[in-house]
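Here the structure is a predicted model, which is why all the values come from computation and not from measurement.
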Amino acid sequence: MPFILPKLHIKIPGWVGSFPVRYPEPIDTPEKRMEVAIGLSLENVKRKNAFGQPGGPFGAVVFDENGRLIAPGVNRVMAENSSVLHAEIVALMLAQKKLGTFDLSFGGTRSLALYTSTEPCAMCVGAVCWSGIEHLVCGADSRDAEAVGFDEGPRHPDWIREVEARGIRVTTGLCRKEAAAVLRTYVAEGGIIYNAGGHSPNRG
């Protein structure tokens, strides 16, 4: 008798698709693009589930060279019972599906950027390296995430240099204050710190 595998279907909340409509395109400055990622993270916190639990406080967006939004992503770890569904992963997956390629650089001919409300964890750093994006832009940093109890995992101490060695530009601390405030809001709203010390599903 064959082993019956469960169907794998990732549910993305409908509001995620309509959220970027609030922003005119192209979005012409890095600060405004980060505003979209932070806005997604905050909205994910506000959109509580049937048990009154807020969604993970992380948002990410892939933009093209002209500041046009390719794909948004929010944390779906607890909602989908999947430790890999960090906001960065969701945004990259949706961008790759939308553009029909696993290589978002299109063989080095395009320069897409990933904006993320918080620096990527160990897993997401790896995903960024394989995605084909040309520029990674981060809001809150790992100290902000760790300050409220999240765990970045076994990330290389000099991860920025390692990522840039692969030809990916890295910008950190853009709108850090606003992004870090969402992390604190999540805790104030009763959000679960679901990877304290690595004993429960990852963050991001």
Side-chain angles (χ1 to χ4, degrees), residues 27 29-46 54-63 67 71-78 83-92 95 112-131 133-189 191-204:
I27 301 175
T29 69
E31 289 79 11
K32 289 179 181 178
R33 294 171 197 168
M34 181 57 74
E35 181 184 332
V36 182
I38 295 171
L40 282 164
S41 69
L42 181 59
E43 192 76 10
N44 206 39
V45 171
K46 291 180 177 178
F58 306 99
V61 190
V62 175
F63 288 97
V74 293
N75 180 279
R76 299 293 290 163
V77 168
M78 291 189 293
S83 62
V84 302
L85 291 182
H86 295 194
E88 299 96 324
I89 300 292
V90 172
L92 291 172
L112 275 62
L114 175 66
Y115 281 67
T116 178
S117 64
T118 302
E119 285 181 357
C121 69
M123 178 184 69
C124 292
V125 167
V128 164
C129 290
W130 295 119
S131 68
I133 66 157
E134 187 270 341
H135 190 192
L136 171 66
V137 186
C138 312
D141 69 24
S142 59
R143 291 169 294 180
D144 301 313
E146 291 165 353
V148 298
F150 285 110
D151 182 3
E152 296 295 84
R155 195 176 64 178
H156 192 285
D158 199 0
W159 69 273
I160 294 176
R161 182 181 62 81
E162 292 291 329
V163 171
E164 290 184 332
R166 292 175 172 266
I168 302 168
R169 291 187 293 127
V170 178
T171 300
T172 60
L174 184 64
C175 305
R176 178 185 174 188
K177 180 179 178 180
E178 295 83 354
V182 177
L183 300 173
R184 294 191 295 272
T185 296
Y186 176 73
V187 174
E189 291 286 325
I192 296 173
I193 304 300
Y194 47 87
N195 189 33
H199 300 299
S200 56
N202 218 341
R203 77 115 210 118

Verdict with supporting geometry, Ser142 and Arg155, side chain to side chain contact (heavy atoms under 4.5 Å, CB included): CA-CA 10 Å; Ser142 59; Arg155 195 176 64 178; 3.2 Å; yes
Side-chain donor or acceptor of Ser117 paired with backbone N/O of Gly59 under 3.5 Å: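 Flag set: sc Ser117 to bb Gly59 pair under 3.5 Å.
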Side chains of [X] and [Y]: closer than 4.5 Å at any heavy-atom pair?
X: Ile193; Y: Tyr186; answer: yes
X: Arg33; Y: Val137; answer: no
X: Ile38; Y: Phe58; answer: no
X: Cys124; Y: Ile89; answer: yes
X: Glu35; Y: Tyr115; answer: no
X: Pro54; Y: Asn44; answer: no

Rounded to the nearest 0.5 Å, how far apart are [atom1] of [X] and [atom2] of [Y]?
X: Leu114; Y: Ile133; atom1: CG; atom2: CD1; value: 4.5 Å
X: Ile160; Y: Thr171; atom1: CD1; atom2: OG1; value: 9.0 Å
X: Glu119; Y: Arg176; atom1: CD; atom2: CZ; value: 8.5 Å
X: Met34; Y: Ile27; atom1: CE; atom2: CD1; value: 12.0 Å
X: Asp141; Y: Glu152; atom1: CG; atom2: CD; value: 8.5 Å
X: Ser41; Y: Leu183; atom1: OG; atom2: CG; value: 7.5 Å

For [X] and [Y], which heavy atoms make the closest approach, and how far apart are they?
X: Val90; Y: Gly73; answer: CG1-CA, 3.9 Å
X: Thr118; Y: Ala145; answer: CG2-CB, 4.1 Å
X: Pro120; Y: Leu136; answer: CG-CD2, 3.9 Å
X: Leu40; Y: Pro72; answer: CD1-CB, 3.7 Å
X: Ala180; Y: Ala140; answer: N-CB, 3.8 Å
X: Pro30; Y: Leu174; answer: O-CD2, 3.4 Å

Any side-chain donor near an acceptor of the partner, Thr116 and Glu88, under 3.5 Å: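 There is such a pair (donor and acceptor under 3.5 Å, judged by atom type) between the side chains of Thr116 and Glu88.
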Intermediate values then yes/no, side chain to side chain contact (heavy atoms under 4.5 Å, CB included), His156 and Val125: CA-CA 9 Å; His156 192 285; Val125 167; over 6 Å; no
